[in-house]
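One structure below.
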Amino acid sequence: MPELPEVETVVRSLEPLVGRRIVSAEFRGARTLRGADPERLAAHLAGRRIRAIRRHGKFILMPLSGGRYLVLHLGMTGRLLLGGVPGKHTHAIFTLDRGVLQFDDSRQFGVIELHEDFPARLARLGPEPLEIAAEDFARELRRHRTSVKALLLDQTFVRGVGNIYADESLFRAGIHPLVRTARLSHGRAARLHRALVEVLTEAIAAGGSSISDYVNAEGRQGLFQVSHRVYQRTGEPCVTCGAAIRRVVVAQRSSHFCPRCQRR
DNA sequence: ATCGGTACCTGCACGC
DNA sequence: TGCGTGCAGGTACCGA
C-alpha cells in the first residue's frame, strides 16, 4: 500500500505519540518480527520513551530513550492505528502511558524491528525525492541503463516512490515507463523530477491515496486516488488526449500509461 | 555491479 | 454456491 505520501501522512498522524512512554508491547505470531523473539523485543521496549517519529523513504523510524531505534515498515497492507480494536490481522499492540498503538497487516509484508543503531539498510537507500536537486536527479538517472519505471521503484536510487507515484509522475512528464534512462535527455530527466515532486507534494496534501486498505493512524482515508490520471485506469480515456490508458508489466509491476502522451 | 525473475502472504473480483 | 485465476500501495534474495 503505502508509498511516501501515505507513510508521511501516517507519521504526521502519529505526532501525539512523541514523548510518550511504552508501558508494554504484545506481539502475535505472523512474520512481522521476521523471526525475532517477541518476548525479548517486548522486554527491550518496556519503559522506553518515544523520542521522535520520522519517515525515511517508506520506513517509519522511532528513536527511543536508551539509544535504540524502533523501525516499522507497512509493506502492502500495514496499518498503524491509534487505539484500534484488535482483530484477525493485529500483530502488535503497544500500550503507552497515554493511548494505545496497534499494528495490523493482512498480507504480512510489513516489518517491525529493533536496532541498536541507525540501521545500515536504511542508510543504504537513495535520497528523498523531495530533497534531491533536479540537476543531481537528472545526472544520476542517466547513469543507469534500466527502464525509467524500474529505476523509480529502486529504493537505492530514490527512497519512497512506489507503483502509484511512479506511474503518475511518468504520465505528467510524458515519459513511457519502458524508456531506458540512459536515453533520456537531461531536460526530460529534469522534467520527470519536477513531475515527481509535484505528484508527491499534491498527494501528501491530500493525505495519500486510499486504494483498499490504506488509512492514517486516526483511521481516515486519503483522497489522492481521485486525482490518479493513469494508475489503475486501464481502458479509460486519457484525461489529456482521450486515448485509452494501457497497462504493461515492467519490473514485475503493472504500469499504466497513455500510449499517445507517453511515447517510447 | 546490475539486472530480471521468484518468493513471501491474504483478500478480492472475476469468469465458469 | 464454489472453485480456479489473476491481481493488489511492499522488499529480499537468487542466479545470470
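Numbered from 1 within each chain, the chains take letters A, B, ... in sequence-line order.
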Using nucleotides 8-10 of chain B, report all nitrogen or oxygen pairs with the protein that are shorter than 3.5 Å.
from, atom 1, to, atom 2, distance (Å)
dC8(B), O3', R31(A), NH1, 3.1
dC9(B), O2, R107(A), NE, 2.9
dC9(B), N3, R107(A), NH2, 3.3
dT10(B), O4', S106(A), O, 3.3
dT10(B), O3', H89(A), NE2, 3.4

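Going from atom CG of L153(A) over to atom C1' of dA12(C) covers 15 Å, rounded to whole Å. We find that CZ of R79(A) is positioned 17 Å from P of dG10(C), with the value rounded to whole Å. The CE-C1' distance, from M76(A) to dC7(C), rounds to 9 Å in whole Å. Rounded to an integer number of Å, the gap from CD of E113(A) to P of dT11(C) is 13 Å. L151(A) has its CG atom 18 Å from the P atom of dA1(B), to the nearest Å. The interatomic distance linking Q232(A) (CD) with dC14(B) (P) rounds to 12 Å, in whole Å. Distance CD1 (I211(A)) to C1' (dG11(B)): 15 Å, rounded to an integer number of Å. Nucleotide dG10(C) holds its P atom 12 Å from the CZ atom of F59(A), rounded to whole Å.
Backbone-only engagement by Y231(A) is indicated by non-hydrogen atom pairs under 4.0 Å involving sugar-phosphate atoms exclusively. Within 4.0 Å (heavy atoms only), R121(A) reaches sugar-phosphate atoms of the nucleic acid but no base atom. As judged by a 4.0 angstrom heavy-atom cut-off over every strand, S254(A) is placed among residues touching the sugar-phosphate backbone only.
For R20(A), the CZ atom is densely surrounded, since the number of other residues' heavy atoms within 6.0 Å is greater than 12. Other residues, nucleotides and ligands contribute over 12 non-hydrogen atoms within 6.0 Å of the CZ atom of R55(A). The local environment of CZ in R34(A) is crowded, with over 12 non-hydrogen atoms from other residues, nucleotides or ligands closer than 6.0 Å.
Minimum atom distance to the side chain of H144(A) is reached by dC3(B), of the listed dT11(C), dC7(C), dC3(B). With dC7(C), dT11(C), dT6(B) as the candidates, the nucleotide lying closest to the side chain of Q252(A) is dT6(B).
Checked against the 6.0 Å centroid threshold, Y69(A) and H56(A) do not count as a close aromatic pair.
In this structure the side chain of I53(A) never reaches within 4.5 angstrom of the side chain of E15(A), judged on heavy atoms. Contact check for S209(A) versus H228(A): side-chain heavy atoms found under the 4.5 Å cut-off. Within the 4.5 Å cutoff, side-chain heavy atoms of I93(A) are placed close to those of R28(A). Here the side chains of F94(A) and F27(A) are in contact, with some heavy-atom distance below 4.5 Å.
The pairing partner recorded for dC3(B) is dG15(C), the criterion being a Watson-Crick or G-U wobble arrangement whose two distances lie under 3.5 angstrom.
Classified by interplanar angle (parallel below 30°, tilted 30° to 60°, perpendicular above 60°), the ring pair H144(A)/F157(A) is perpendicular. Note: H73(A) and F59(A) have perpendicular aromatic rings, judged against thresholds of 30 and 60 degrees for the angle between ring planes.
At a non-hydrogen distance threshold of 4.0 Å, nothing from residues 165-180 of chain A comes into contact with DNA chain B.
Taking 4.0 angstrom as the limit, R34(A) places none of its side-chain polar atoms (N or O) nearer than this to OP1 or OP2 of dA12(C).
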